[in-house]
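Data block below; observations after.
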Amino acid sequence: MIAPERILESSRYARCIESSKRVRWDIDEDVIRGRRFDTAHKFLPDGLSMPHGFTTLSPGERRFVSQIQGRTYANIFGLVERFINAKVLELSRDHALGDQIVVEALVRFSDEELKHQALFRRIDAMVGEVLPGGYRFDFNPNTVARTVLGKSTWAVLALTLDIELFTQAHYRQSIDPDAELSELFKDVFLYHWKEECQHALLDELEFRRHDAALTAEERDRSVDDFIGLVAALDGILQTQAAADAGYFVANCGRTLKANEARAIEVAFLAAYRWQYIHSGARHPYFGKVLNGLITKTQGQRIQAALATLH
């Protein structure tokens with residue numbers, strides 16, 4: 001006889017399959033639809049690009065900042081979805097000779113992550129057609145994925161859940177409500193959001209399943225791994241903030257003094273830390289799930305590490 005809790009868990013995976021079938025979309029037919037990006041519009045909304053930090057810039061220059069950040073936003077998601085997909089494929093093997101509903105849900109998750117990576121590569125190329133040359137994003141997705149996957153599965157799943165949840169919050173709270181945003185950019189993240197909703201549920205189910213099999217010592221080491229992954233992500237953000245600030249300075253149409261250029265780099269980094277670290281760390285549901293699995297002392301270690309990233 002199958003235990004009731006296993007039946008309930010299987011039904012949750014089944015709901016993700018139903019959602020996947022219902023919202024499935026095509027990059028060209030549903031998202032892009034023959035359109036091009038228009039530089040008369042912002043790409044990333046104010047709630048994410050944090051224009052108030054760019055105090056010396058004109059409205060047009062701030063719009064250019066949002067376009068640079070929008071391109072990086074797509075590239076960062078393409079980067080993280082490489083390791084997320086690799087981990088999902090790894091997890092699917094745990095179920096290969098078990099509940100086939102779970103296998104289907106995870107295989108669909110993987111298929112959608114592959115599609116998202118293809119979408120973000122397209123978006124990077126399309127933005128490159130309308131913005132000046134010289135933009136750089138020098139991170140190899142496979143190299144980053146190998147580093148991330150070298151950490152504990154618990155840490156990778158914690159980071160993945162964090163990302164999936166803040167992706168949804170970004171769309172609902174900032175991207176969708178901004179009337180001045182590029183309609184094409186909005187649609188990219190509308191369709192991305194539609195599939196990320198069930199991905200977050202699958203992340204949580206697998207995170208809890210994996211956590212239940214750990215010893216207290218293994219979980220404690222995994223908390224340190226999670227802190228290390230966040231620090232590594234911050235290193236990527238620091239490098240990209242410097243690259244994007246340099247790209248802005250080279251293409252904004254005027255000569256900037258060194259102190260203004262430095263302030264622009266600081267503002268880029270503050271925006272990126274909000275987008276990819278703090279907006280997720282402060283997500284109420286992420287906090288609820290994480291704090292339900294760790295001790296108070298472990299939570300304090302995580303918060304102390306986050307407090308250094310300002």
Side-chain angles (χ1 to χ4, degrees), residues 2-17 80-81 83-110 113 145-169 196-233 276-277 279-306:
I2 302 175
E5 60 270 18
R6 292 293 299 276
I7 295 173
L8 176 60
E9 184 178 272
S10 185
S11 71
R12 289 172 175 161
Y13 286 93
R15 286 202 300 274
C16 292
I17 294 172
V80 302
E81 292 195 355
F83 74 73
I84 290 173
N85 185 52
K87 179 56 70 174
V88 169
L89 289 172
E90 178 186 314
L91 293 169
S92 69
R93 291 196 291 270
D94 294 345
H95 304 278
L97 299 180
D99 189 334
Q100 296 302 288
I101 291 175
V102 178
V103 175
E104 181 180 353
L106 293 176
V107 168
R108 284 180 171 274
F109 186 165
S110 172
E113 291 291 281
R146 289 188 186 97
T147 300
V148 172
L149 296 171
K151 300 297 184 181
S152 66
T153 292
W154 190 97
V156 177
L157 289 175
L159 181 61
T160 300
L161 180 61
D162 181 27
I163 292 168
E164 303 285 8
L165 289 173
F166 77 57
T167 299
Q168 295 179 56
E196 292 300 300
C197 291
Q198 63 259 20
H199 293 182
L201 177 54
L202 291 170
D203 290 335
E204 181 185 351
L205 289 169
E206 288 296 298
F207 187 28
R208 291 185 183 279
R209 179 184 70 85
H210 180 77
D211 177 83
L214 295 185
T215 65
E217 291 76 15
E218 289 170 333
R219 187 177 299 105
D220 194 63
R221 289 195 296 270
S222 293
V223 168
D224 286 336
D225 276 356
F226 176 64
I227 292 170
L229 286 177
V230 173
L233 172 59
Y276 307 110
I277 295 178
S279 67
R282 298 177 190 178
H283 193 289
Y285 194 70
F286 178 69
K288 179 180 178 181
V289 173
L290 185 65
N291 290 329
L293 301 178
I294 62 177
T295 66
K296 182 178 179 181
T297 300
Q298 289 165 344
Q300 289 171 341
R301 283 185 1 227
I302 293 171
Q303 291 305 315
L306 291 171

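Note that the numbering runs from 1 along the sequence shown for the chain.
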_4.5 Å side-chain heavy-atom contact, Glu81 and Ile163_ = no
*Assess whether side chain to side chain contact (heavy atoms under 4.5 Å, CB included) is satisfied between Leu91 and Thr153, documenting all intermediate values.*
CA-CA 9 Å; Leu91 293 169; Thr153 292; 4.3 Å; yes
*Taking all atoms of both residues into account, what is the closest heavy-atom pair of Leu201 and Cys16, and its distance?*
CD2-SG, 3.5 Å
*Which atom pair, heavy atoms only, marks the closest approach of Phe83 to Thr160?*
CE1-OG1, 4.0 Å
_Non-hydrogen atoms of Ser110 and Leu89 that approach each other most closely_ = OG-CD2, 3.3 Å
_Ion pair check, Glu206 and Arg209, cut-off under 4.0 Å_ = yes
*Determine, for Glu104 against Arg108, whether the closest basic-nitrogen to carboxylate-oxygen distance falls under 4.0 angstrom.*
yes
*Could you give me the CA-CA distance, side-chain angles and deciding distance for Trp154 and Val223, then say whether side chain to side chain contact (heavy atoms under 4.5 Å, CB included) is met?*
CA-CA 8 Å; Trp154 190 97; Val223 168; 3.9 Å; yes
*Rounded to the nearest 0.5 Å, how far apart are CD1 of Ile17 and CD1 of Ile101?*
6.0 Å
*Of all the heavy-atom pairs spanning Leu202 and Phe109, show the shortest one and how long it is.*
CD1-CD1, 3.6 Å
*Does the pair Leu159 and Lys151 meet the rule for a side chain to side chain contact (heavy atoms under 4.5 Å, CB included), with working shown?*
CA-CA 11 Å; Leu159 181 61; Lys151 300 297 184 181; over 6 Å; no
*Can you find a side-chain donor-acceptor pair between His199 and Glu113 that sits under 3.5 Å?*
yes
*What closest approach, in Å, do Asp99 and Ser10 show between heavy atoms, and which atom pair accounts for it?*
OD2-OG, 2.9 Å
_Between CG on residue Leu157 and CG on residue Leu205, distance to nearest 0.5 Å_ = 11.0 Å
*Residue pairs fulfilling salt bridge (charged side-chain N to carboxylate O under 4.0 Å, His left out) with at least one residue in residues 282-306, sequence neighbours excluded*: Asp220-Arg301, Asp224-Arg301
_Pairwise distance NE2(His210) to CG(Leu293) - rounded to 0.5 angstrom_ = 11.0 Å
*What's the shortest heavy-atom distance between Ala200 and Leu165, and which atoms?*
CB-CD2, 4.1 Å
*Quick one: pull up OG1 in Thr167 and CG in Asp162 and give me the separation to the nearest 0.5 Å.*
9.0 Å
_Would the distance check show the side chain of Arg219 and the main-chain N or O of Ile294 forming a donor-acceptor pair, the cut-off being under 3.5 Å?_
no
*Any chance you could measure Leu290, atom CG, to Ile302, atom CD1, to the nearest 0.5 Å?*
4.5 Å
_Donor-acceptor pair, distance only, cut-off 3.5 Å: does the side chain of Asp225 make one with the backbone of Ser152?_
yes
